[in-house]
Amino acid sequence: MEKDSKRMTLDRRQFMQAAGAGLAATAVAGLPFAAVAQDKVELLLWAWTPDTQVQADMFTKKYPNISVKVENVGQGGPHYVKLRNAIQAGTGLPDLAQMEFNSIPSFKQLGVLADLGAAANPVKDQFIDWTWKAVSDGDKVYGIPWDSGPMGLLYRNDVFEKNKIEIPGTWDAYSEASLKLATDAPGTYMSNFGVSDAGWVAAVLWQAGWRPFHTEGTDIQIKLNDDIAKKWAGYWQKLIDAKAVDTKPMWTTEWFAALDDGVHASWVTAAWAPVLMQNSMKKSVGLWRAAPMPQWTAGGTVTSNWGGSTFAAMTTTPHPEEAALFATFMGSDPEAAALWNSKQFLFPVLKSLIDDKALMGAPNAFYGGQAVNEVFVVSENQVDPSFEFAPFQDFVNQTMQDEMSASIAGTGTLADAFDRLQDKVVAYATDQGYTVS
Amino acid sequence: MPDAVATRRRGRVYVTKSVAPYLFLLPFMALFIAFLIAPLCYAFGLSLFKTTMVAGTQFVGAANYLKVFTDPSFWDGVVLLFKFGLMQIPIMLGLALLYALILDSGRVYGRNFFRIAFFIPYAVPSVIAALLWGYLYGPSFGPFGQLAEFFHLPKPQFLLDGTILGSIANIAVWEFMGYNLIIYFAALQAIPQDLEEASSVDGATGLQYALRIKLPLIMPTVIVTIIFSIIGTLQLFSEPYLMRNLAPGIINSHYTPNFYAYTLAFTNQQYNYSAAVSFVLGGVVAVVSYVFMLLANRRAA
């Protein structure tokens, strides 16, 4: 069973990190005719999203002199470990690599991400604004987005109806529903507090206004334990103390089963989750629905993002122009982008696809015929673009997971976990030579 | 023809006497240097520097080592492994010894079957073993949890703060008991048969023969297995690494020193410090093994 949970974790990884696009009804402006080599060029791309070679071959069809070989060196963590080892060794880097949004600052800091601006800037207006902001710095572009994960709420219609719970529009209502469900239906939880995945924590806090990092060169502001974090910690601590929220480790078989069995009545999650759920659940077909992410103020329209990926070119590539052209193609070519959505089931980053009513409005039987993507389309346009990840996000995620999980297991409160996190991250950043303020 | 013989003989004498052993050792030495000594030297070199994101690489001498000596994340892991070893090694070796003596007593049918049955877990890769036990320990999925639910008993919690070390120790016992059993069994088989006849002539019971004669005779083997177990314990990595998914609140990223070294290198990008941690761990292993040998020898003497 544990093996299963591994597999599911990988599935979710796959979903988290890829791009999507629809049957591009809207014409997308052609790629710039860059000065492409007349000789044959072969590019190497490290990516783990399944069938990436299909899109790469579409590129070669259009630019016959450039062939692209896709290698899967591992999903998520192992992929980055191999990249870092190649950087450390000074040899063995591919020409391009899949790069999640939250990894871009780290690799940019290592100086290995090439500026794709010349090829990419002409198509920047086609991308959802926040995705472009996450990969660019002025005219410099460090990765081409092709997959995103705007947040929403998936919930069990059957459990909500049976216990007379309204769809919570605000976090206050969500808290009340959690307490009500704990009283009315012991053993059933409104949600699982998933601190074993730091990506989830960051996404939910992102919406609350948490901005833990701001980096300028070697100066970094770190405020992981600010008032917003403390307020958020207090919100969940109350529910944990009241036993009104479950605290299972995420991505385990037990956790998937809890969603499928109706033990967890809802999950605040990203746009890649609906397909993941559909592929992992057997019993709850037709019982799920999607709703907007709960808001901190009534009538608010702020959401955030969890996951999503880009293609980045390495500064070490001997073919920077071809690499930039390829990365741009992969994100913005109408046919390739459409395939990300229809073949790999990823959530789009192109405005033309987000606005494609036929594509995003397709009803889904797993969700009782609801067009779930429409909910996430609204969310995609509400993602607050001002969030910054740290240039050492892996360390932050690891420490966050350690400290918050320790709090759940009984070591102090969640608020204490944020204090410990702040201390450890400041110590690390200082040790790495940053000027911390 | 005679010339040829003479040449061959001369050649043979020359090679055999002085060069031959080294020629035979050459492949081993080449691999030993390429894959052990050279990486160790490289790692030691790494541990004397400090590479940071902002300031680049600097020579820091022993600074990384000094930091290890005051790093609670490292020493907490070492203390944990001492607890783990004090619990797990006696149980594992005690059981292995007991079963080896029973199998060797000649009173058990299907001796070969049991020998293989005990040994099979050792042949299971530790990754698979951890996954398997992870399933068995699962509170709502695992058979123990389901059984408890069926009888309306409280579910056993194998993955909580107080129990998880025992749960991991149980996996290690399951994995390595058979391996040690085979070693003991082989040592017991080497004891000459006439000792048993002599002892029974002197009126010793089977139990007395096992405890007073066989056990002392295989004591050197027992000591070797204890040292192997100490080394194995201090290098514990894959079981906690794989169980982390199930109990992330208890198994943190520096749960055991080896796990800590892994996290430092591959998550935190602190290769230099990670190398220093690895060397200090190597030192701890050497010291503990040596102290145990000293104690064992003193008792024997």
Side-chain angles (χ1 to χ4, degrees), chain A residues 1-6 9 77-78 80-82 84-85 87-88 106 109-111 194-197 217-220 247-258 261 263 391-392 394-399 401-411 424 428-435, chain B residues 42 46 50-58 60 63-64 67 71 73 127-143 145-146 159-162 164 242-255 259-260 262-274:
Chain A
M1 299 315 282
E2 167 56 357
K3 220 173 179 179
D4 276 348
S5 85
K6 274 288 178 206
T9 308
Y80 297 118
V81 166
K82 289 207 173 68
R84 291 202 165 106
N85 286 347
I87 294 165
Q88 175 87 357
S106 305
Q109 175 68 40
L110 292 169
V195 293
S196 64
D197 192 315
T218 59
D219 292 329
I220 186 165
T247 55
K248 283 189 171 45
M250 288 176 88
W251 312 115
T252 59
T253 314
E254 303 255 335
W255 175 82
F256 273 102
D261 293 340
V263 171
F392 35 78
D394 284 358
F395 174 81
V396 176
N397 285 349
Q398 177 90 277
T399 313
Q401 188 184 341
D402 276 356
E403 297 304 338
M404 297 192 67
S405 297
S407 281
I408 296 292
T411 312
K424 289 195 172 177
Y428 179 85
T430 311
D431 188 57
Q432 289 295 325
Y434 286 96
T435 309
Chain B
Y42 176 74
L46 266 187
K50 179 175 173 182
T51 303
T52 62
M53 291 180 193
V54 175
T57 302
Q58 293 160 317
V60 293
N64 286 327
K67 194 172 153 194
D71 186 344
S73 294
V127 173
I128 307 293
L131 293 177
L132 188 111
W133 281 98
Y135 159 66
L136 293 175
Y137 289 153
S140 52
F141 252 92
Q146 287 189 348
L159 303 170
L160 293 185
D161 203 9
I164 198 160
L242 289 159
M243 303 260 295
R244 177 167 157 82
N245 283 342
L246 301 174
I250 300 156
I251 302 182
N252 53 33
S253 59
H254 46 86
Y255 193 65
F259 198 167
Y260 187 41
Y262 174 88
T263 305
L264 285 170
F266 297 119
T267 304
N268 301 7
Q269 299 296 294
Q270 293 167 311
Y271 292 96
N272 310 96
Y273 187 50
S274 173

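Everything numeric here is computed off the predicted structure, so don't read it as measured data. To find a chain, count down the sequence lines: A is the first, B the second, and so on, and within it residues start at 1.
Atom CZ of residue R84(A) and atom OH of residue Y271(B) lie 7.5 Å apart, to the nearest 0.5 angstrom. Atom CG of N245(B) and atom OG of S196(A) lie 8.0 Å apart (nearest 0.5 Å). Here OG1 of T263(B) is found 11.5 Å from CG of D394(A). Values are rounded to the nearest 0.5 Å. Taken from NZ in K248(A) to CG in L246(B), the straight-line distance is 12.0 Å, to the nearest 0.5 Å. Here CG of L159(B) is found 8.5 Å from CD of E254(A). Values are rounded to the nearest 0.5 Å. To the nearest 0.5 Å, atoms CD1 (I408(A)) and CD1 (I250(B)) are separated by 12.0 Å.
Taking 4.5 Å as the limit, every side-chain heavy atom of F395(A) sits out of range of all side-chain heavy atoms of Q269(B). Residues Q432(A) and T52(B) are in side-chain contact: their nearest non-hydrogen atoms beyond the backbone lie under 4.5 Å apart. Looking at heavy atoms from C-beta onward, K67(B) lies in side-chain contact with D431(A) at the 4.5 angstrom threshold.
For E403(A), no part lies under 4.5 angstrom from a heavy atom of chain B.
Here T267(B) is the residue among T51(B), T267(B), D161(B), I251(B) with the most heavy-atom pairs under 4.5 Å with chain A. Of the listed residues A409(A), P249(A), G217(A), the one with more heavy-atom pairs under 4.5 angstrom with chain B than any other is P249(A). In terms of heavy-atom pairs under 4.5 angstrom with chain A, the leader among A265(B), A55(B), P248(B) is P248(B). In terms of heavy-atom pairs under 4.5 Å with chain B, the best-connected choice from T399(A), L110(A), N85(A) is N85(A).
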**Item:** Evaluation steps, side-chain contact (heavy atoms from CB on, under 4.5 Å), between D402(A) and H254(B)
**Value:** CA-CA 9 Å; D402(A) 276 356; H254(B) 46 86; 4.0 Å; yes
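Remark: the backbone N or O of N268(B) is paired with a side-chain donor or acceptor of Y428(A) at under 3.5 angstrom.
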